[in-house]
Amino acid sequence: MLKSQQRLRNNKDFVRVFKQGKRHSFSGVLLSYIPNNMEYSRIGFVISKKYSPLAVRRNRQRRILQSAIHPIYPQLKPGFDIIISYTNRNKVLPYKDASVVLTKLFTKTNLINNN
RNA sequence: AAAGAUUGUCGAGUGAUAGCUCUUUGAGUCUGUAAAGACUCUGGAGAGGAAAGUCCGGACACUCUCUCUGUCGAUAAGAUAGGGAAACGGUAGCGGGUAACCCCCGUCUAGAGUGAUCUACGAGGUGCGAGCAGAGACGUGUUUUAACCGCAAGGUAAACAAUUCUUGAUUUUUUCAAGAAUAGCUCCAUAGUAAUAUGGAGGUGAAACGGCUAAAUCCUUACUGUAGUGCAAGACCGUACCCCGCACCCAUUCCAAAAAAAGACCAUAUAAGUUUUAUUAAUCGUAAGACGAAGUUAUUUCGUUUACAAAGUAAUAAAAUCAAGAAGUCUUUGCCUGGAAUGGGUGCGGGGGGAGUCGCAAAGAUUUGUGUGGCAACAUACAAACAAGAUAGAUUAUCACUGUAAACAGAAUCCGGCUUACUGACAAUCUUUUAAU
RNA sequence: GUCCUUGUAGCUCAGUGGAUAGAGCGUUUGGUUGCGGUCCAAAAGGUCGUAGGUUCGACUCCUACCAAGGACA
């Protein structure tokens with residue numbers, strides 16, 4: 001779990017990222033991002049009710065993604081608003097696959113520091 | 001010991017690594033005159049029995065019909081407290097519990113089971129396809145078929161005028177007649193708060209004293225609740241930024257020669273804004289192709305292009321609503337510089353904006369234990385216990401072990417119920433059967 | 001989160017406890033025409049969302065569940 005400063009916490013920001021941001025997807029994980037004028041990056045998670053109507057499964061999937069992003073976060077370039085959404089219906093994405101998918105996505109979009 | 005019945009409890013644990021929210025016991029650093037705030041380390045706490053469905057009931061908050069009475073007020077406007085009515089509901093064998101209930105407890109009646117126990121129902125009226133005979137038709141006899149099935153013949157058409165025995169009439173059944181008994185009916189006694197049960201008596205017993213049904217669509221009665229909206233209720237505050245109006249100051253340009261101060265009119269107007277209506281526009285989205293790109297090669301994803309309904313959004317127009325105050329005019333005082341436009345700044349007023357704070361988070365119809373009252377639900381006394389509180393939303397992720405680690409499932413203002421989903425285990429009480437003493 | 005609405009033929013919808021559950025559009029067949037449309041005539045197509053219950057009798061009343069949709073900042 002990231003700190004509250006490092007999370008997207010406002011509806012306006014979500015709308016801005018979805019409307020104006022760039023998108024990339026990989027095996028059900030959709031990454032949208034847009035630069036912000038801040039010294040750190042902020043990350044939000046969206047898992048829709050179409051994924052599963054049960055709140056427990058949605059919570060668990062979100063927590064897996066959050067914990068997978070935690071070791072990657074220090075390597076990210078600062079100054080971006082990022083939204084990660086998962087829509088694969090009723091398929092649980094385990095921790096190992098999630099970290100692999102996320103690193104792939106970040107390298108593809110050049111959001112990660114190569115150092 | 002086996003087979004059951006009912007009720008209750010629990011709803012994984014341990015370790016390692018990495019992390020989140022709240023809190024502030026302690027320590028430190030920074031900002032600040034101070035109050036205080038921010039950060040780091042440490043300590044403490046952190047998801048249910050159904051948190052679910054949102055099906056009932058309450059607390060709490062705001063809004064609200066008519067009428068009467070009391071208090072404050074001036075007799076008014078209004079505020080506040082209480083009673084009643086209308087309308088709209090709720091409950092329904094009987095008795096009790098509760099803040100309240102479609103809830104719970106006890107009990108009556110009927111049925112199932114050897115039994116523990118389980119299941120079901122519950123006031124009155126109205127109503128009961130039609131005709132004929134008949135004292136009487138929902139129901140005894142008979143006809144018919146409005147309705148349904150069927151090609152047709154024909155059949156279906158809820159329940160209830162009861163049951164048993166003996167004798168006689170006829171060869172028997174059916175039917176008829178006579179008699180007896182039971183149920184039913186009325187009254188009385190006993191038990192019970194009551195529903196009701198038990199016992200006794202009485203006449204009646206082919207004439208209603210009977211059946212089903214409609215408060216899970218009608219009417220009445222009894223008891224009872226004002227009603228509506230739901231914490232996105234509601235209260236406070238209002239940052240950045242934006243819009244409108246007014247005053248003052250500065251700059252530039254133009255104009256005038258009489259101005260300034262106080263009060264009134266101007267002003268039941270009007271700006272932004274809000275609400276409603278109309279028009280237009282673009283976006284989102286949808287659909288089917290075409291082209292291009294990506295790619296996990298899937299009936300994939302993305303972009304461009306073509307077409308398009310409603311709602312919403314934006315702009316414009318109209319109507320309604322809504323602040324402060326200038327110029328101008330008049331009156332009084334009484335005598336020298338002032339006014340307009342554009343741009344910028346400062347201040348004041350009106351409005352939009354959710355950055356936020358509270359409601360709301362440790363404490364009340366609470367939970368547990370013991371005593372007392374009660375068959376019980378529950379009440380009461382004493383003692384002890386009780387820090388989840390987020391707001392794009394914390395309460396976790398990964399690995400290992402524990403017999404295989406597994407079910408249903410995630411708090412969102414808070415409580416009492418009901419309903420639905422569900423893994424495995426344990427405990428208590430009771431019943432029946434078998435065996436031993 | 002709180003509060004509501006709806007579910008009937010392929011689509012859009014009616015339906016007052018007793019009808020073989022209807023209407024329009026669509027589909028199919030036949031007729032008309034040289035052919036097609038229009039028109040005319042007929043037919044098919046329904047577990048009334050699912051499961052229980054009340055009732056002599058349920059699309060309609062009650063309860064539970066399922067699905068779809070809406071309002072509120």
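In the text below, chain A, chain B and the rest are named by the order of the sequence lines, each starting its count at 1.
By the side chain to side chain contact (heavy atoms under 4.5 Å, CB included) test, A:Arg60 pairs with A:Ile64, sequence neighbours left out.
In this structure, CD1 of A:Ile43 is placed 16 Å from P of B:G19, rounded to the nearest angstrom. Separating the CD atom of A:Gln66 from the P atom of B:A392 is a distance of 13 Å, rounded to the nearest angstrom. Summarising the geometry, the separation between CZ on A:Arg62 and C1' on B:A390 is reported as 11 Å, rounded to the nearest angstrom.
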Distances under 3.5 Å only, N/O to N/O: pair up the protein atoms with those of nucleotides 45-52 of chain B.
| unit_1 | atom_1 | unit_2 | atom_2 | d |
| --- | --- | --- | --- | --- |
| B:A47 | N6 | A:Arg63 | NH2 | 3.3 |

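OP1 or OP2 of B:A409 has not a single side-chain nitrogen or oxygen of A:Arg58 nearer than 4.0 Å. Distances shorter than 4.0 Å separate some side-chain N or O of A:Arg60 from OP1 or OP2 on B:U398.
Picking from B:A392, B:A397, B:A394 the nucleotide with the shortest atom distance to the side chain of A:Val46 gives B:A392.
B:G356 and B:A390 have their P atoms separated by 14 Å, with the value rounded to a whole Å. Across B:U98 and B:G124, the matching C1' atoms stand 31 Å from one another, rounded to whole Å.
B:G49 shows a glycosidic angle within 90° of 0 and is accordingly assigned syn.
Remark: B:U126 base-pairs with no nucleotide in the shown strands. Criterion, Watson-Crick or G-U wobble with two distances under 3.5 Å.
Here the options are A:Ile82, A:Leu65, A:Ile83, the test is side-chain contact (heavy atoms from CB on, under 4.5 Å), and the partner is A:Phe45; only A:Leu65 passes.
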| message | For Watson-Crick and G-U wobble pairs within 3.5 Å on both distances, what is RNA chain C written in dot-bracket notation, | included for inter-strand pairing? | response | ((((((((.[[[[.)..(...]]]].(((((.......))))).....[[[[[..)....]]]]]))))))).

